[in-house]
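Structure first, commentary second.
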There are 2 protein chains.
Amino acid sequence: MSESPKPLVLLVDDEPQIRRLLTVALEANGYRVVTAASGQEGLSLAAHHRPAIVVLDLGLPDVPGQEVLRRLREWSNVPVVILSVQDDETGKVAALDGGADDYVTKPFNTAELLARLRVAMRHAVRQDEESVFQTGALVVDLANRRVTLKGQEVSLTVTEYNLFRLLVRHAGKVVTHRQLLREVWGPAAEEQTHYLRVYVGHLRDKLEANPSEPSLILTEQGVGYRLKS
Amino acid sequence: MSESPKPLVLLVDDEPQIRRLLTVALEANGYRVVTAASGQEGLSLAAHHRPAIVVLDLGLPDVPGQEVLRRLREWSNVPVVILSVQDDETGKVAALDGGADDYVTKPFNTAELLARLRVAMRHAVRQDEESVFQTGALVVDLANRRVTLKGQEVSLTVTEYNLFRLLVRHAGKVVTHRQLLREVWGPAAEEQTHYLRVYVGHLRDKLEANPSEPSLILTEQGVGYRLKS
DNA sequence: CCGCAGAGTAAAAATCGTGTAAAGGCCACT
DNA sequence: AGTGGCCTTTACACGATTTTTACTCTGCGG
């Protein structure tokens, strides 16, 4: 369990006084801090700085916080603690199920928030996750939803991209049919393996040098698919 | 990534109406539940049942909840969600730093508690130990369903892998014909010993240095097979 | 020496999984 | 209303896998 001495916190909140208060509290407790005042800025800083943890306010002026979380989770498993004025219960459940690691309601007690950040950090399995994946001539920029092949941008439809993203995030490992179907088409579609046949076909058409002899998206008969790592 | 279908929740709370309410809610959401009314009972049930998650009330009649948590953490990393009437902030911080994974204040919203339990379970799955078995030049990575021989990946069909995994799990011990057949082909096939002869043959072809003189998958005449450990 | 039982081998037959193409439906845009 | 893009659904052919069958080998006891 090796830690860089001072973990970096990304603080996304549009209220300047909250940013100031928390920056001081966090820095006094051995963190480094970068702040963002909007969702867009938060996402771009997250991709750029690779924080050890994110504190995210839900009430942002531009992108809804829920959406920021969703976008972030497309490529990162960084712990996210939600901060919100809304004590709205369905929002809490949605955020927690959407991949948030904790949810703290404003006004909050600073000592408690810090303790909850320590819990979230404890849970994190420090996995070096790259937001850019590369193999051969293929480059996938997960933070920006861009796929390029030999420098040429490849345009993927929403479903194609969602499926491909899942394979990329588990590059080298077998991803089972059920897992792919559950995450791309939802739990109700777990049995619809024909979706996979069709869409894996599309991806191979767009990405493989020779689609009829796949070297990138490999079939694991009876189990699932695996992306060459 | 092995999943048991219904995770077991240990619910430690001295108030019967809370136990009833939560038992109903949890069972309706696909959990199995065991309940304890005291700290002592909770600790003993935790040791005995190995729950997938613990919901622990802090205000117990015998042992202080904080102490229950400490004793539990001496031997277990099971996720613990604290439930408490005290909105006392220093108590929260102490519990979270004492190894609790979340802290919910009574009265609580059931949907939120359930969402927080899902978060805690999500965290626990990540740190599942990677079970890699190795003997000689053969490496079996059960978590990733990969078998390599002298660094070369060996591809096994679904049935071959299921059979081999069973032998690997009991490496060094004899696994009987009936047991192998029951677990791989189902209880109805317990008598079909010819399946084993065929598939053990396949595995030896793929994995043994000299398939006609097995040194890896050994025959125990009239009983079963054994994997060299 | 023969016959038998348990085990291994080989290959045919049956079944299942996969890739592919194409048709129909839905939606957004014009 | 028409068009284009995408998602869903269906049908079929092919290859891989599983199941079934038949045969061989070996060791043991009559």
Side-chain angles (χ1 to χ4, degrees), chain A residues 145 147 154-167 174-227, chain B residues 145 147 153-167 174-178 180-227:
Chain A
R145 286 181 155 257
V147 180
V154 180
S155 95
L156 299 181
T157 70
V158 174
T159 309
E160 285 165 3
Y161 182 80
N162 287 342
L163 175 59
F164 191 52
R165 172 162 50 80
L166 218 53
L167 291 170
V174 182
V175 191
T176 64
H177 294 143
R178 299 182 75 83
Q179 192 176 348
L180 291 167
L181 287 163
R182 179 153 26 85
E183 305 226 1
V184 177
W185 282 272
E190 276 192 0
E191 313 291 320
Q192 314 296 107
T193 55
H194 57 270
Y195 285 175
L196 289 177
R197 297 206 293 275
V198 171
Y199 274 87
V200 167
H202 290 165
L203 286 174
R204 298 214 260 229
D205 284 346
K206 291 186 176 180
L207 302 172
E208 296 271 2
N210 177 5
S212 61
E213 187 137 344
S215 66
L216 183 69
I217 303 175
L218 283 354
T219 301
E220 301 279 336
Q221 272 260 104
V223 185
Y225 293 90
R226 177 164 60 88
L227 191 78
Chain B
R145 198 189 181 276
V147 180
E153 169 140 24
V154 180
S155 97
L156 299 182
T157 69
V158 174
T159 310
E160 285 165 2
Y161 182 79
N162 288 343
L163 175 59
F164 190 52
R165 185 183 42 183
L166 214 56
L167 291 169
V174 182
V175 191
T176 65
H177 293 145
R178 299 183 72 85
L180 290 166
L181 287 163
R182 179 152 26 86
E183 304 230 359
V184 178
W185 281 272
E190 276 190 0
E191 313 293 319
Q192 314 295 106
T193 55
H194 58 271
Y195 285 175
L196 289 177
R197 292 206 284 276
V198 171
Y199 273 89
V200 168
H202 290 165
L203 286 175
R204 299 213 261 229
D205 285 347
K206 289 186 176 180
L207 301 173
E208 297 271 2
N210 178 6
S212 60
E213 186 137 344
S215 66
L216 183 69
I217 303 174
L218 308 169
T219 301
E220 299 285 335
Q221 281 262 5
V223 185
Y225 294 90
R226 176 165 61 87
L227 190 77

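Values below: every heavy atom of this structure, side chains too, minus hydrogens, waters and symmetry copies.
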query = At their closest point, which heavy atom of A:E190 faces which heavy atom of A:L181, and how far apart are they?
reply = O-CD1, 3.2 Å

request  = Using the side-chain contact (heavy atoms from CB on, under 4.5 Å) rule, take A:Y225 and A:T219 through it: C-alpha gap first, then chi angles, then the decisive distance, then the call.
outcome  = CA-CA 5 Å; A:Y225 293 90; A:T219 301; 3.6 Å; yes

inquiry  = Can a donor-acceptor pair be found, under 3.5 Å and without considering hydrogens, that links the side chain of B:E208 to the backbone of B:L216?
reply    = yes

message = Contact between B:L218 and B:V174 at the side-chain level, heavy atoms closer than 4.5 Å - yes or no?
response = no

ask   = For D:dC7, does OP1 or OP2 lie under 4.0 Å from any side-chain N or O of A:T159?
value = yes

For atom CG of B:L181 and atom P of D:dT20, their distance in whole Å = 12 Å

query = C:dG19 P sits how many Å from A:I217 CD1, rounded?
reply = 10 Å

ask   = Where the side chain of A:T219 is defined as all heavy atoms beyond and including C-beta, which of D:dA16, C:dG19, C:dG6 is the nearest nucleotide?
value = C:dG19

note = When every non-hydrogen atom of B:T157 is compared with those of B:R145, the smallest separation belongs to O-NH2, 3.8 Å

ask   = Could you give the CG-to-P distance, from B:N210 to C:dT9, as a whole number of Å?
value = 10 Å

query = Within this structure, what is the CD-to-C1' distance between B:E220 and C:dA5, rounded to whole angstrom?
reply = 18 Å

inquiry  = Distance check needed: D:dG15 P versus A:E213 CD, whole Å only.
reply    = 13 Å

query = Looking at residues 184-203 of chain A, who's got a heavy atom less than 4.0 Å off DNA chain C?
reply = A:R197, A:V198

query = Between B:L156 (CG) and D:dA16 (P), how many Å, whole number?
reply = 16 Å

query = Does B:H177 make a side-chain N or O approach to OP1 or OP2 of C:dG6 shorter than 4.0 Å?
reply = no

ask   = Which value, rounded to the nearest 0.5 Å, describes the distance between A:T159 atom OG1 and A:L203 atom CG?
value = 10.0 Å

query = Any donor-acceptor pair under 3.5 Å linking the side chain of A:R204 with the backbone of A:I217?
reply = yes

query = If you check every side-chain atom of B:Y225, which of D:dT18, C:dG8, C:dT18 has the closest atom?
reply = C:dG8

ask   = Between B:L218 (CG) and C:dG8 (C1'), how many Å, whole number?
value = 15 Å

task = Return the value, rounded to whole Å, for the distance between atom CD of A:Q221 and atom C1' of D:dT17.
result = 7 Å

